[in-house]
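Each ligand, and each atom within it, is numbered from 1 in the order the structure gives.
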Amino acid sequence: MSPLLNIAVFISGTGSNLSSIIDHQCQYNYKVKVVISNKKDAKGLAIARSNDIDVFTFDWDEEDVNLFAVQQIVKKHQCELIVLAGFMKILPEPFINAFTNRIINIHPSLLPKYPGLNTHQRAIDNNDHIHGATVHFVNAELDAGTVISQTIVDVDNETNAQSLAQKVLFREHSLLPYTISLFSNKRLKWYNNDLYFDDLPLTQPIKLNE
Ligand code: GRF
């Protein structure tokens, strides 16, 4: 088995994905070394603290494009992967470039559909029959990095944005830990700007429907 993958998880809010990431650590061969938040009162920080995980909070400063203190914390904890799990800020390009192909994000839509906010309402307004969540690499463009994995849910006639959000979030709780395991178990690799999954080029998102 590969050695444990150290990860940093960035959050801004409730932290239900963080909770699920922590619950799957042993099964999936990774360890949450630090939880980082731009919000001092993010509910998810209590989850980190109750699991004896280091916490670091910082004030968002538009000028500080390198997020130097954050970089130092990630490096100090020897994290090889940064996981954005409900982190509601757009990371500046110099920071992203410091961790090329080592930052992933979970987004509640089937990208490339609906980057940005209000994804559930937009899916309903467009009469979509399916909706879901995506894990993707983070690049300088919002929700536009290479897609890794997706989970798909049906949109029923009686669904509203809130119930759809819950349905998707439930699936996110499996999708994100599973996708981190693809890094910890070295099943994802980059060769010359192409992403490979189990040594084959990844031509469509890996699907996890549980
Ligand atoms: C999730 O829906 C995630 O896809 C989005 O923000 C939400 C975070 O929820 N980026 P939680 O804080 O993990 O409960």
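- Counting only residues at least two apart or on different chains, the ring pair (Phe, Tyr, Trp, His ring centres under 6.0 Å) pairs with a member in residues 119-154 are H120-H131, F137-F183, F137-W190.
- Grouped by direct or indirect side-chain proximity (heavy atoms under 4.5 Å, Ile/Leu/Val/Met/Phe/Trp/Tyr only), F99 sits with F10, V34, I36, F56, F58, W60, L67, V70, I73, V74, I82, L84, F87, L91, F95, I96, I103, V138.
- Salt-bridge formation is detected for the pair D156/K167: a Lys NZ or Arg NE/NH1/NH2 atom is positioned less than 4.0 Å from an Asp or Glu carboxylate oxygen.
- Taking E80 as the reference, nothing meets the side chain to side chain donor-acceptor pair (under 3.5 Å) condition, with sequence neighbours excluded.
- I148 and L208 fall within a single hydrophobic cluster, where Ile, Leu, Val, Met, Phe, Trp and Tyr are joined by side-chain heavy atoms under 4.5 Å apart, directly or via other members.
- Enclosure of atom CD in Q71 by more than 12 non-hydrogen atoms of other residues, nucleotides or ligands within 6.0 angstrom is indicated.
- Under 4.0 Å from any atom of ligand 1, one finds heavy atoms of residues T14, G15, S16, N17, G86, I106, P108, L169, E172.
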